[in-house]
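Worksheet: the structure to be examined is printed underneath.
Whatever order the structure lists ligands and atoms in, that order sets their numbers, starting from 1. Index from 1, following the sequence.
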Amino acid sequence: MPLKSLEDLASFCKRRGFAFQGSEIYGGLKGFWDLGPLGVELMKNIRETWWRSMVYERDDIDGMEAALISNRKAWQYSGHEGGFSDPLVECKKCHIRMRQDNMKDQTKCDACNSTDLTAPRDFKLMMGLAVGAVTDGEINAYLRPETATTTFINFKNVLDSASRKIPFGLVQIGKAFRNEITPRNFVFRMREFEQAELQYFVHPSEGMKWYEYWKAERRKWWVSLGIPAEKLREQEHEQLSHYAKAAFDLQYEFAGLGFEEVEGLHHRQDYDLGSHTKNQKDFNIQAKVMENKDSTAKLSYSDPQTGETYIPFVIEMAMGTHRCMAAVLDNAYTEEDLGEGNSRVVLKLKPTLSPIKAAVIPLARNVPELLTLAEKIHGELKALGLGRTVIENSGNIGKNYRRHDEIGTPVCVTVDHQSLEDGTVTIRHRDTMKQERVKADDIPDIVRKLIK
Ligand code: ATP
């Protein structure tokens, strides 16, 4: 049985230590979530899987990490300061505020069904800050609402230092902040979240080719996480943003919510590098950009073979890692009927994503030799560097198995009295619950193969 809703997922995440409402002991703060001991491991594994596929397994992409706060001008010329807003509607009867394009019925209040609503107004999504000692609290900067702009403004730095040839890409994983009107659905819509974004720079004549290429690549990556293809859907945008030539959302079918965006792919033409370029008239910029009076750099590329100088087009992939985490958990969560009135919850995560890779369990608490052997095996597993492994010395083997099923640990290794006699241990597999007797010395190799 799968989950029924994202609220159920939130309860599960709290119970097991994946995620907690931010500032919970002070009544919480809407739109902010904290990751617990298991959530932080799962998130790290998601980031690593993404980074490996983007950077380590390719030759054409570099990583970078920009500051969360940039010169305000970056957000002026990117168009965010003037235009990054959502349409806000308020119910005149119950006074709740809603994002118009997310309302169930645009003529009625989501909460009380009243039709007495205000006209929509643009609600600015960027969070303002006062940076420095001279401002007296007046907003002069913003927390970034995306990582993309902070990649674009470093284009020239990377090009000059890394000697890249077009096509090439730049990735970042980092926090983004948006003053969402209605944060909801667990980590699906937050005010502080994390993005993993690729900006891929191409020759203008090859924009659509690379757009199609990345569409297929990204779908493959999501399937590689263990998400069945039928739970993913592509939704091409019918109404395009002013900068986009083509765009689509990759959607996942969340419990109780249906298909919703987990990643956006945008063909952004030369809008971004063009917007941040000085002497824009030197280039035949195709997107509609604001005249730039402040930039000190031309974000262009000169082809060493053809001598052509141009502003590259950008194909962008923007994934929310929290939405990815929610999708992965939602997909993995399974309630199994074991017959005779027994059931279990099992988190069928790919072992690469599991927060805990293996648990070593001495069968009896009060036998020091069992603990010593368990600690030896645990030490060998830690030395593999695969991620977190644990030793469970709480006694009840059945409870330990159930707990590790529920948090997605792929295998448990049990050390018992026979282990002391013949050097064998029991390895129990999460998904099948099958148990086999193997040599204790073989455990590191077995676990390494399973996780890799
Ligand atoms: P939406 O239409 O849902 O508001 P968006 O189209 O504005 O999303 P993008 O700006 O394309 O989203 O951001 C890229 C990705 O960042 C999204 O696909 C999503 O996974 C993630 N993301 C965006 N906003 C949020 C949010 N408020 N909370 C969590 N993740 C988010």
Pairing of [X] and [Y] as salt bridge, 4.0 angstrom limit:
X      : Y      : answer
Glu406 : Arg403 : no
Asp122 : Lys124 : no
Glu180 : Arg189 : yes

May I ask whether [X] has any heavy atom positioned less than 4.0 angstrom from an atom of ligand 1?
X      : answer
His322 : no
Glu261 : yes
Val187 : yes
Arg99  : yes
His266 : yes

For a salt bridge (Lys or Arg N to Asp or Glu O under 4.0 Å) with Asp405, tell me which candidate from Lys348, Arg16, Arg344 qualifies.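 Answer to the salt bridge (Lys or Arg N to Asp or Glu O under 4.0 Å) test with Asp405 among Lys348, Arg16, Arg344: Arg344.
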
Structural part of Glu260 in contact with ligand 1, heavy atom criterion under 4.0 angstrom: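 Near ligand 1, Glu260 shows nothing, with every heavy atom at 4.0 Å or more.
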
Could you identify the single nearest non-hydrogen protein atom to atom 10 (O) of ligand 1 and state the distance to 0.1 Å?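 It is Arg178 NH2, 2.9 Å.
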
What protein heavy atom sits nearest atom 28 (N) of ligand 1, and how far away is it? Met190 N, 2.9 Å

On a heavy-atom basis, which atom in Thr352 and which in Ile451 lie closest, and how many Å separate them?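 In this case the closest contact between Thr352 and Ile451 is CG2-O, 3.4 Å.
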
Shortest non-hydrogen contact from Ala287 to Asp270? N-OD1, 2.9 Å

Ligand 1 atoms in contact with Glu263 (distance to a heavy atom under 4.0 Å):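 Taking each heavy atom of Glu263 in turn, ligand 1 has 18 (O) under 4.0 Å.
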
